[in-house]
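Step one of this worksheet: look at the structure below.
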2 protein chains.
Amino acid sequence: MGTRWLDEREDRAWRGYRRMRRLLDLELARQLTQDAGLSEPDYDVLSDLSETPRGRLRLSELADRMLWSRSRLSHHLTRMQQRGLVTREECADDARGSVVVLTTAGRQAIESAAPGHVAAVRRHLIDLLTPAEVDALGALSHRVVDHLADPDLRATRPQPEA
Amino acid sequence: MGTRWLDEREDRAWRGYRRMRRLLDLELARQLTQDAGLSEPDYDVLSDLSETPRGRLRLSELADRMLWSRSRLSHHLTRMQQRGLVTREECADDARGSVVVLTTAGRQAIESAAPGHVAAVRRHLIDLLTPAEVDALGALSHRVVDHLADPDLRATRPQPEA
DNA sequence: GCGAATTGGTTGACATGTCATCCAATCTAG
DNA sequence: CTAGATTGGATGACATGTCAACCAATTCGC
């Protein structure tokens, strides 16, 4: 069977998406390090932590939310720990587990970084879109996410029933 | 001045975009390594090279197209060179320069990887979107790219006239 | 209970990316 | 022409990410 290549409009969307991705990343990373001394991964960790009631989360729970491997998170946390942004505590329920805890410095870092970061996200993305485009992006991305999260739908051909 | 945080729909779009990014990356990388033994960066290098008439491009020209630093590209090329996918040749016009050349093996690699890769892009993204959404994504991403590429527009406040 | 399988997390080796520096070739101004 | 600035690219040191192996605590089957 011949390959269905991308037609002109599909190609335009795909190339545009990848270029946008890359440029947006570069700019947001630049802004973050310059204004707050944080990398994007740092920001994401702190941000997810700060959204929980007391700034604490099981390592695996945090990894799942971020779509990171436990290994990656563990490595990253040791680095952030050395900079005083987070600490690890032992887990009461499960002696294997560890709980990641936002330090005061970490809380401060994310709180002072957030306004500038959000402003950059607005300036370089959100505020450039019409309301309809914002909704379209929301709808389309969630559809893609749901699809990728469902192992059955992800396969090339229909899967045998469970 | 208070921060203009993202409202619910903007937040939904922004989070969705980032999750989509991540999951799509993971899946496409998985598919590429598994089916073709290439990483996404490998694929991009080969792809850009193969789009030129004779599979040759100045290193800096390639770096610019890919939005990579020359350093990154240079490192990556030495690795790809060791695997026999590309070679470097001296540049006739400019003795400092070097020309990146697609080898036969490199050409073969991209040609055999492309169909599966495009199919994955379709399956996990393009074919999940309505034609209107494809166009919207194309339009919006190009707008963002143009904005980020223009140093004047990128700044927080209006720049002084040139 | 108890041994086997599983899970949560860490670690080390290695691949990849970034940053600053360096060198040689080119360009520019006088 | 030629000294100084700039450019194209390579390189080494270091930060980050991945993968496989590992260890200890938990869970599962019986």
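Proteins get letters first, then strands, A, B, ... in listed order; numbering begins at 1 in each. Just so you know, these numbers come straight off a predicted model, no measurement behind them. When reading the values below, keep in mind they use all heavy atoms of this one structure, side chains included, and skip hydrogens, waters and symmetry mates.
Between the B:Thr103 side chain and the B:Gly84 main chain, a donor and an acceptor come within less than 3.5 Å of each other. Using modelled atom types, one side-chain atom of A:Thr52 and one backbone atom of A:Arg56 make a donor-acceptor pair closer than 3.5 Å.
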Please tabulate, one pair per line, each protein N/O and nucleotide N/O from nucleotides 23-25 of chain C that are separated by under 3.5 Å, including the distance.
unit_1 : atom_1 : unit_2  : atom_2 : d
C:dA25 : N3     : B:Arg96 : NH1    : 3.4

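Comment: B:Arg12 does not engage A:Asp135 in a salt bridge, judged by the lack of any side-chain N to carboxylate O separation of less than 4.0 angstrom. At a threshold of 4.0 Å, the pair B:Arg65-B:Glu61 counts as salt-bridged, since one of the basic side-chain nitrogens sits closer than that to a carboxylate oxygen. A salt bridge links A:Arg15 and A:Asp11; the closest N-O separation between the charged side-chain nitrogens and carboxylate oxygens is under 4.0 Å. One finds no salt bridge joining A:Asp25 and B:Arg18 here, because no Lys/Arg side-chain nitrogen approaches an Asp/Glu carboxylate oxygen to under 4.0 Å. Between B:Arg9 and B:Asp7 there is no salt bridge, since none of the side-chain N atoms of the basic residue sits less than 4.0 Å from a carboxylate O of the acidic one.
Note on A:Leu28: it clusters hydrophobically with B:Val144, by side-chain heavy-atom contacts below 4.5 Å among ILVMFWY residues.
A heavy-atom distance below 4.5 Å is not found between the side chains of B:Ser98 and B:Glu89.
Contacts between residues 48-76 of chain B and DNA chain C, counted as heavy-atom distances below 4.0 Å, involve B:Ser71, B:Arg72, B:His75, B:His76.
With rounding to the nearest 0.5 Å, the separation of CD1 in B:Ile126 from CD in A:Glu10 is 5.5 Å.
Among residue pairs with one or both ends in residues 76-117 of chain A, those qualifying as ring pair (Phe, Tyr, Trp, His ring centres under 6.0 Å) are A:Tyr43-A:His117, A:Trp68-A:His76; sequence neighbours excluded.
Rounded to whole Å, the distance from CG on A:Leu26 to C1' on C:dC19 is 14 Å. In this entry the distance linking CD of A:Glu90 with P of C:dG8 reads 17 Å, nearest Å.
Nucleotides of DNA chain D lying under 4.0 Å from heavy atoms of chain A occupy a range whose first and last members, 5' to 3', are D:dT16 to D:dT26.
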Go through the steps to decide whether B:Met66 and B:Arg72 satisfy the test side chain to side chain contact (heavy atoms under 4.5 Å, CB included), and finish with yes or no.
CA-CA 11 Å; B:Met66 302 186 69; B:Arg72 175 181 182 185; over 6 Å; no
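The other members of the hydrophobic cluster of A:Val101, by chain and number, are A:Val99 (side-chain heavy atoms under 4.5 Å, ILVMFWY only).
Within the helix from C:dG1-D:dC30 to C:dG30-D:dC1, the inter-axis angle between the opening and closing five-pair segments is 30°, rounded to 10°.
Where A:Ser98 and A:Arg22 meet DNA chain C, the nucleotide closest to each residue was compared, and A:Ser98 sits on the side nearer the 5' end.
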